[in-house]
Number of protein chains: 2
Amino acid sequence: MKDKIIFSIENDLCPVASALKVIEGKWKLPIIWVLCQNGTLRYNELKKSVVGITNMMLTSSLKELEESGLIKRVQFNEIPPRVEYSLTKAGEKLLPVLDELAKWGEELIK
Amino acid sequence: MKDKIIFSIENDLCPVASALKVIEGKWKLPIIWVLCQNGTLRYNELKKSVVGITNMMLTSSLKELEESGLIKRVQFNEIPPRVEYSLTKAGEKLLPVLDELAKWGEELIK
DNA sequence: CAGAATCCCACGGGATACTG
DNA sequence: CAGTATCCCGTGGGATTCTG
């Protein structure tokens with residue numbers, strides 16, 4: 001009997017486990033999704049686009065996504081302040097995943 | 001300025017939100033993933049394949065996935081008991097998503 | 001406008017033991 | 001073998017307030 005493919009968060013052999021580790025949490029995929037769809041967004045635009053998210057979760061999620069190299073933060077030193085977020089090249093590579101997920105979600109709705 | 005695409009868990013207009021609602025939780029995608037890769041698995045095989053999962057989470061996740069119509073449970077009335085799990089047609093429709101996710105995860109590892 | 005700082009709690013999930 | 005039944009806890013995340 002052939003060996004089974006396993007899922008393990010511990011060792012880094014499972015690509016799905018590695019992927020999930022980066023996009024875990026309630027709000028990361030939603031954030032990436034709206035950035036995908038809308039392109040560059042300001043902080044407050046993000047907050048309106050991701051319905052229900054709080055300042056704390058938005059800020060912390062953005063920070064983690066930035067550290068993972070998926071999104072880019074550009075700060076303009078103006079008054080009032082302006083900060084724009086967008087996907088990096090690496091972040092855009094998630095597009096196929098989200099597209100498939102959206103397709104699948106559409107099926108669910110109908 | 002054109003309207004922005006939003007993510008909202010509340011109303012069912014966002015396909016990504018609808019999708020995430022079904023596969024939320026720490027273990028559902030892992031379970032679906034190993035069923036994808038290995039085909040039909042028995043309870044204990046699942047438990048070994050999804051490293052770290054507890055009986056409780058395995059049981060409850062399987063139940064929810066079954067209720068969502070993504071997996072199929074077949075029970076054989078033997079001694080000792082045997083129960084086999086596999087993806088339904090609907091569950092297999094998640095394959096493209098997982099494939100893309102796995103591809104993306106591979107990139108992360110390298 | 002774009003956050004940071006606190007406080008706080010529900011609950012998702014873990015550990016262990018038990019059973020048809 | 002394939003689960004249940006309890007007990008329990010950490011922390012992900014919410015609500016609110018404050019600030020450069």
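Nothing here was measured: the structure is a model prediction, and the numbers come from that model.
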### Query
Between dG3(C), dG14(D), dA4(C), which nucleotide gets closest to the side-chain atoms of Val83(A)?
dG3(C)
### Message
Applying side chain to side chain donor-acceptor pair (under 3.5 Å) as the test, list every pair that has at least one member in residues 93-110 of chain B; sequence neighbours left out.
### Response
Glu100(B)-Lys103(B)
### Task
Side chain of Arg82(A) only, please: which of dA2(D), dA2(C), dA15(C) is the nearest?
dA2(C)
### Task
Write down the distance between CE (Met56(B)) and P (dG13(C)), rounded to a whole number of angstrom.
10 Å
### Query
Could you state the CD-C1' distance from Glu78(B) to dG20(C), rounded to the nearest angstrom?
16 Å
### Message
Pick the closest DNA chain D nucleotide for Thr59(B) and for Pro81(B) by heavy atoms, then say which residue is nearer the 5' end.
### Response
Pro81(B)
### Task
Give the nucleotide from the list dA15(C), dG14(D), dA2(C) with an atom nearest to the side chain of Arg73(A).
dA2(C)
### Query
Taking only side-chain nitrogens and oxygens of Asn44(A), does any of them come within less than 4.0 Å of OP1 or OP2 of dA2(C)?
yes
### Query
So does Tyr43(B) get a side-chain nitrogen or oxygen closer than 4.0 Å to the phosphate oxygens (OP1/OP2) of dT4(D)?
no
### Query
Should the pair Phe7(A) and Trp27(B) be assigned to parallel (<30°), tilted (30 to 60°) or perpendicular (>60°) ring geometry?
perpendicular
### Query
Between the side chain of Thr88(A) and the main-chain N/O of Leu70(A), is any donor-acceptor distance below 3.5 Å?
yes
### Task
Kindly say if Arg42(B) contacts the phosphate of dC1(D), meaning a side-chain N or O under 4.0 Å from OP1 or OP2.
no
### Query
Phosphate oxygens OP1/OP2 of dC11(C): is one of them under 4.0 Å from a side-chain N or O of Lys26(B)?
no
### Task
To the nearest 10°, let me know how far the axis at one end of the helix from dC1(C)-dG20(D) to dG20(C)-dC1(D) is tilted from the axis at the other, five pairs an end.
60°
### Message
Check this one for me: any side-chain N or O of Tyr85(B) less than 4.0 Å away from OP1 or OP2 of dC1(D)?
### Response
no
### Task
Can you tell me the distance, in whole Å, between the CG atom of Leu41(B) and the P atom of dA2(D)?
11 Å
### Task
Check every strand shown and say whether Phe76(A) touches a base, only sugar-phosphate, or nothing at a heavy-atom separation below 4.0 Å.
nothing
## Note on the structure
Testing dT4(D), dG14(D), dG3(C) for proximity to the side chain of Lys63(B), the answer is dT4(D)
### Query
Which nucleotide in the list dG13(D), dG3(D), dG14(C) gets nearest to the side chain of Asn55(B)?
dG3(D)
